[in-house]
Amino acid sequence: MNYPEYKQPLNYGQVGTDILAWWKQNGIFEKSVSTREGKPTFVFYEGPPSANGAPGIHHVMARTVKDIFCRYQTLLGKQVNRKGGWDTHGLPIELQVEKELGITKEDIGKKISIEEYNQRCRETVMRFKAQWDDLTEKMGYWVDLDDPYITFEPEYIESCWALLKKLYDKGLLYKGYTIQPYSPAAGTGLSSHELNQPGTYRDVKDTTIVAQFKVKRDEKSEQLFSNVQLDEVPLAELYGDGAAEPDVYILAWTTTPWTLPANTGLAVGKNIPYVLVSTFNPYTHAPIRVVLAEALVGKYFSEKGKDASFADFKPGDKVLPWRIENTFKGSDLIGINYQRLFGQDKGFPAFEGEENGFRVINGDFVTTEDGTGIVHISPTFGADDFRAAQLAGVPALLVADDEGKLGPVVDRTGRYVAQMGEFGGRWVKNYDGHDDSGSDYKTLDESIAIRMKGDGTAFKVEKYEHTYPHCWRTDKPVLYYPLDSWFIKTTAVKDRLIELNKTINWQPESTGTGRFGNWLENLVDWNLSRSRYWGTPLPIWRTQDGSEEICIGSIAELSAEIDKAVAAEVMTHNPIKSGEMTDLHRPYVDDVFLVSPSGQPMYRETDLIDVWFDSGAMPYAQWHYPLENKAQFEKNFPADFIAEGVDQTRGWFFTLHALAVMLEDSVAYKNVMANGLVLDKNGNKMSKRLGNAIDPFATINQFGPDATRWYMIANAQPWDNLKFDLNGITEVQRRFFGTLFNTYSFYALYANLDGFQAREFDRISYSDLTELDRWILSKLQSLIVEVRGYYDGYDPTKAARAIQDFVTDQLSNWHVRLSRRRFWKGELTADKRAAYETLQECLVVVAQLMAPIAPFFAEWLYKNMTDGMREEAVAKNTPLAPESVHLTLLVEADEARIDKALEERMELAQRISSLTHSLRKKSVLKVRQPLQRILVPVFNETTREQVGKMEDLICAEVNVKHVEFLDDTSGVLVKSVKPNFKRLGQQYGAKLKAVGARIQQMTPEEISTLEKTGQLAVEIDGEAYTLAPDDVEIRTQDLPGWLVATDGPLTVALDVTLTDELRQEGVARELVNRLQNLRKDSGLEVQDKIQVTLGHQPELEAAVQSFGSYIREEVQALALNFAPDLTGGSVLEFDEYTVPVQLEVANG
RNA sequence: GGGCUUGUAGCUCAGGUGGUUAGAGCGCUACACUGAUAAUGUAGAGGUCCGUGGUUCGAGUCCACGCAGGCCCA
């Protein structure tokens, strides 16, 4: 047997297992790299996963994408090294350890030492490595698992240090502060993760204030004082005689009144409309004018008070009279100065830069959803505030502490500092748990509100319920508070980041230009600091006062510095030299003290660095570069290709890019694919909690890795979210893999029967092939071009769909179906050889094309198809010499064999066949009943010629004797016209409707005139038009007296006349069919010869009389006789009668 | 709240540069076929192309504003 045969259905899981074992045994992955030694490289970076949890089905998705392009490039002959990696640091690991130990961060250093804690993290982080490795293998992801980079290893950390020092030396590493969520009661900053804990956001009732900020009258603000409206109505008329001109205030709302004394700016939206309103202060009843967003006027002023009499207003009236005086845009207000709410005159401190504060600035976050459309800015207590103020050059209110160090007006315990006048020492919120139950107890917010009411600077004070984040540990409200951090000055290279990003090929493009591009446009400095324990320590040592510092770039450098410290008696000995310190993590680095040039001791900054730095540093650190392996690094930088989930856009994709630009002035990757999420079949996120997570192992086990991968890739484009439905895999398995398997089985069955073995040489020459063979080979070449194009363009979905359509629609359902007789009939003729060779070529090429996506099945198919050819191939070193499809070179399309005309006329044949089948169906004539002819109307020679060439094929497929053509001259065609709107629209524009209607009314005579003379004069609405043939599409509508079917311009008519001969042939074919069934039911092999005896039946006898030899040949009968007295045996059932039959296997 | 993204048949998806009758596969119904048979063929049912406005002779397609889902960021 030349070709292995398999039982139906094929066990795809088993194919995966078997091929995997074979790969391992023969080191195929290693060979796929080593056999490409010296060839051009394709550089791929593995984004390191974290092995502290079990892998999920979405990892199969992401890794399939990676694998596809690495395998494809290998097929192109490139060398693709794939170094694996593990991400080992970070918060999720710490949290997991804390959960398992039942501790919190506060217990670290108390209940458990940092050393023990980090040891636990180190053990935990690789806990699921075995499962990950198992999945990697089973899903067929080829990556080097033996020599991965691991981010917690000293060499890796040392590389990170070296890179940090490079940045430090370039002046790109600095210490500053940002506004972060902070828990005063716990004395610690909170990560966004901690803020996202369930229950942190709670509804609270706070005192809120709409504050009035008094505008300073100057050039900028003059527009608020003198304008048309006000001039028209004398003041006296409004407020009574002798009234002074009212002050103008800007209104701003806050839910945190305690931040008002720290206000230094007001933000407006540039394009938001604002109004100036005359009214009274509801508490002091003083006449005032206020500025607020037009959209929010209704929130503060009732309809009743609109344009009401000001003179009649009396203190105590509920309804405030008001009138709009003027409108402005936000941009008009920017730059206006106002008076500080709690100024030095009221006993509050002066501060640096004060002269630049108390201005109206732009804030792109300002909305008119709530408040007044103007946002009070206190740069030390809000992230937006901080940014907007920084952009506008508005200072923060900072005061000096006892040591002269500047800080915000709230200390780290949550109290106002002493300088804060009458409020000095007050708690911002109740962080110390003091008794606040007394009836005369006032919160700070309330005290401030009372004071402001008295000052006439409060426009509205009310309790308001809103959601506010709380510390998950202390249950106290979070403060947004300035905290020290180390930053990488990414903003310094912003333009270069943007410029180089434009050279990166993003798939999909919108992620690169949109999500990533916008992120770069709005770049802020990269906050590196993390106040944690398990991570890469920041290698910076500082003196107590921060005046001297050093950034360490290697272990050797650290050791040398320690020596200096030992000499200065800051350290007793050098733990690196003594071998005590082999790990660069905390706490060991914290126990290292260095000495500054001026002799001061230096302590390490206790921060760890952002884990994203770890992964972004992998192009360098995976080779322990820049400390060694320069050549290795340069050979593998930048990457040709990376792929991860779209959620990595601001994670790994960014850190890779940022570091590459800052360190190498280069992109880190040339092509990048951002794949979407894997959701459950209803479009919900998968989660273990909801129980809708798919187990990747069970899935691969059940369906095999190939169907799983194929489904994921073919169903939706990788960058779209995938609604993962196991039924989809079943469908892929049945429709695609099932069909492909059947096609192979079909080939194997008959090739083995014939003892046929395909060879690379000694094949039927191309020119001797039939149209059908040349057609599928032409389609195959077109497919190669198409699929290569899709892979080259990083579009695996289209590649998969093209392969799938070729296999199911073209190869299986047309070529093989029409070729079946060629395979099962008679001796191994040249035509039969041609059929085998054609199918063989198609299957081998399909195996290659599908190999990147379905590596196991492709291997199975390739080996089954070519193992018998291997020996000769190896001897002659031909393309089929490699033992594995993954070691081959992807076939190039032979463009000379692409015959577009042939492809077109085959499509015509397919459509004509389909139409004929549908006609048979309508007249209830089964395909087994031969018919005399079909009629095809043709309007031009080309169509006639094309269909003519396909006549035999069409006849065979639809079982008719002839295809006849009907041309125009016959005069029997009834035609119809359809307006060509595209052309008409361009020509007639608005007149198109009338012209179109007129065309649809064209008479047969007019159609004929248009066709013959090439033009037609018509009158529409009294105007004369001349129609050209291109203006319409002419098609056959009907053939009177015939049964017709149409498909666009194509029409087919079927001759349903039955002659005696046709009838007899029909009976003969029925008989063949019944006998074939009987053969099959009797369990005969395809090659068994038989002897048949039939009972007496006139119609059958007549049919046998005329078509005996045909019948005998079809059913492989040596004899076919009638016996009038035949009894027993089987019975053949025909439409109208039954006949006894005896079937014997003939000997010999 | 912002950025990006998706929305077309029961389900999964196609639908260059606008062209009047919006397609495919699966599923469903009916019939046929039965030496690829857990396959195949033919026919049928199934659509406010998320909504509203606009541009246009003409919008699934272009524009604006919304709605819903998703991701990231505040």
Side-chain angles (χ1 to χ4, degrees), chain A residues 8-9 192 364-367 369-370 382-384 387 508 510-519 521-522 645-651 674 676-677 679 681-685 711 714-717 719-723 725 727-728 730-736 738-739 741-747 749-750 797-798 801 804-805 808-809 812-813 816-817 820-821 823-825 913-922 924-928 957-958 978-986 988-996 1045 1048 1072-1077 1079-1080 1084-1086 1114-1116:
Chain A
Q8 177 101 258
S192 60
D364 47 18
F365 48 86
V366 177
T367 68
E369 293 280 306
D370 48 24
D384 278 337
R387 240 185 319 112
S510 60
T511 300
T513 54
R515 188 180 287 214
F516 195 66
N518 290 340
W519 161 250
E521 295 286 349
N522 298 307
V646 67
D647 53 339
Q648 295 290 329
T649 306
R650 293 173 185 189
L677 263 66
L679 308 169
K681 63 180 171 182
N682 299 318
N684 299 314
K685 234 177 139 167
Y711 163 71
N715 192 63
Q717 298 198 282
W719 44 89
D720 288 333
N721 289 347
L722 173 68
K723 289 184 198 162
D725 186 354
N727 292 326
T730 312
E731 191 183 322
V732 158
Q733 196 173 59
R734 262 218 336 259
R735 179 141 187 88
F736 176 61
T739 306
F741 168 69
N742 276 340
T743 307
Y744 167 76
S745 300
F746 184 82
Y747 174 87
L749 174 67
Y750 290 104
T797 303
K798 287 199 170 146
R801 287 175 180 173
Q804 189 170 306
D805 288 348
T808 56
D809 296 348
S812 167
N813 206 19
V816 173
R817 194 156 60 83
R820 278 184 303 184
R821 301 181 62 79
F823 289 101
W824 75 59
K825 289 210 60 167
S913 300
S914 174
L915 288 171
T916 310
H917 280 306
S918 117
L919 289 171
R920 276 183 172 276
K921 161 81 185 158
K922 272 182 201 151
V924 201
L925 286 162
K926 33 181 83 167
V927 183
R928 271 200 295 275
E957 169 65 9
V958 302
K978 192 184 148 212
N980 179 352
F981 285 101
K982 189 164 187 169
R983 205 184 127 81
L984 291 171
Q986 286 157 3
Y988 298 113
K991 298 271 167 58
L992 172 131
K993 267 196 175 135
V995 178
V1072 168
N1073 165 249
R1074 302 302 189 274
L1075 290 172
Q1076 297 286 33
N1077 286 349
R1079 280 185 61 116
K1080 202 179 173 192
L1084 298 190
E1085 295 295 324
V1086 174
E1114 286 294 313
V1115 303
Q1116 310 218 47

Contacts under 3.5 Å, N or O only, protein and nucleotides 59-70 of chain B:
residue	atom	partner	partner atom	Å
B/G70	O2'	A/N721	ND2	2.9

Distances under 3.5 Å between nitrogen or oxygen atoms of protein and nucleotides 45-47 of chain B:
none

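Comparing the P positions of B/G15 and B/A24 gives an interatomic distance of 15 Å, to the nearest angstrom. For the C1' atom pair drawn from B/G7 and B/G60, the interatomic distance equals 12 Å after rounding to whole Å. The gap from the C1' atom of B/U8 to that of B/G51 amounts to 15 Å, rounded to the nearest Å. Nucleotides B/G70 and B/G44 place their P atoms 39 Å apart, quoted to the nearest Å. When the P atom is compared between B/U29 and B/C67, the two are found 41 Å apart, to the nearest whole Å. Of the P atoms belonging to B/U61 and B/U6, the separation is 14 Å, rounded to the nearest Å. A distance of about 28 Å separates the C1' atoms of B/U12 and B/U17, rounded to the whole Å. Only the C1' atoms considered, B/A45 is 8 Å distant from B/C28, to the nearest whole Å.
Put simply, CG on A/L722 is 15 Å from P on B/C71, counting in whole angstrom units. What separates CG of A/D720 from P of B/U12 is a distance of 13 Å, to the nearest Å. Put simply, CZ on A/F516 is 16 Å from P on B/C72, counting in whole angstrom units. Distance A/L919 CG to B/U42 C1': 11 Å, rounded to the nearest Å. Atom NZ of A/K723 is separated from atom P of B/U5 by 18 Å (rounded to the nearest Å). Computed from coordinates, the A/N518 CG to B/U5 C1' distance equals 13 Å when rounded to whole Å. Going from atom CZ of A/F736 over to atom P of B/U40 covers 14 Å, rounded to whole Å. Distance, A/N715 CG to B/G25 P: 16 Å, rounded to whole Å.
Legend: residues meeting salt bridge (Lys or Arg N to Asp or Glu O under 4.0 Å) with A/E1114, ordered by chain and number and at least two apart, are A/R821, A/K825. In this structure, the salt bridge (Lys or Arg N to Asp or Glu O under 4.0 Å) partners of A/D809, at least two apart in sequence or on a different chain, are A/R735. Here A/R650 pairs with A/W519 under the side chain to side chain contact (heavy atoms under 4.5 Å, CB included) rule; sequence neighbours left out. For A/K798, the side chain to side chain contact (heavy atoms under 4.5 Å, CB included) test picks out A/Q717, A/Y790, A/D795, with sequence neighbours left out. With sequence neighbours excluded, the residues satisfying side chain to side chain contact (heavy atoms under 4.5 Å, CB included) with A/T649 are A/T511, A/R515, A/F516, A/V646, A/F653. Qualifying salt bridge (Lys or Arg N to Asp or Glu O under 4.0 Å) partners for A/R801, counting only residues two or more places apart in sequence or in other chains: none. With sequence neighbours left out, the side chain to side chain donor-acceptor pair (under 3.5 Å) criterion links A/Q804 to A/W710. Among residues two or more places apart in sequence or in another chain, the salt bridge (Lys or Arg N to Asp or Glu O under 4.0 Å) test is passed with A/D725 by none. Shown here are the side chain to side chain contact (heavy atoms under 4.5 Å, CB included) partners of A/Q733, two or more places apart in sequence or in another chain: A/Y12, A/F703, A/A707.
Pairing for B/G47 is absent, judged as Watson-Crick or G-U wobble with the two contacts each under 3.5 Å. Under the Watson-Crick and G-U wobble criteria, each requiring two contacts below 3.5 Å, nucleotide B/A24 is paired to B/U12. Across all strands shown, the partner of B/G1 is B/C73, judged by Watson-Crick or G-U wobble contacts whose two distances both fall under 3.5 Å. Remark: B/G41 base-pairs with B/C31. Criterion, Watson-Crick or G-U wobble with two distances under 3.5 Å. Under the Watson-Crick and G-U wobble criteria, each requiring two contacts below 3.5 Å, nucleotide B/A64 is paired to B/U52.
Between the CD atom in A/E521 and the OG1 atom in A/T513 there is a gap of 11.0 Å [rounded to 0.5 Å]. Here the CG-CG distance, from A/L677 to A/L722, works out to 10.0 Å after rounding to the nearest 0.5 Å.
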Base-contact (B) and sugar-phosphate-only (S) positions in nucleotides 26-33 of chain B, heavy-atom cut-off under 4.0 Å, - elsewhere: SS---B-S
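Nucleic acid contact for A/S918: sugar-phosphate only, since backbone atoms but no base atoms lie under 4.0 Å from a heavy atom of the residue. Nucleic acid contact for A/N1077: sugar-phosphate only, since backbone atoms but no base atoms lie under 4.0 Å from a heavy atom of the residue. Using a 4.0 Å heavy-atom cutoff across all strands shown, A/D647 reaches sugar-phosphate atoms only and no base atom.
Both A/H917 and A/A383 sit near RNA chain B, but only A/H917 has its closest nucleotide nearer the 5' end. Sequence order on RNA chain B of the closest nucleotides to A/G514 and A/L1075 puts A/G514 first from the 5' end.
In this structure, A/F746 and A/F823 have perpendicular ring planes: the angle between them is above 60°, well past the 30° mark.
Side chain of A/R920 to main chain of A/T916: no donor-acceptor pair is present (N/O by atom type, distance under 3.5 Å, no hydrogens or angles). Remark: side-chain polar atoms of A/N721 are not paired, donor with acceptor, to backbone N or O of A/G676 under 3.5 angstrom.
Set against B/G2, B/A36, B/C13, the side chain of A/V816 has B/A36 as its closest nucleotide. Nearest nucleotide to the A/V646 side chain, out of B/C71, B/G2, B/U5: B/C71.
Contact annotation: A/S914 reaches the phosphate of B/U42 (side-chain N/O to OP1 or OP2, under 4.0 Å). Taking 4.0 angstrom as the limit, A/T511 places none of its side-chain polar atoms (N or O) nearer than this to OP1 or OP2 of B/C4.
Remark: the A/S812 side chain and the B/A39 base include no donor-acceptor N/O pair separated by less than 3.5 Å.
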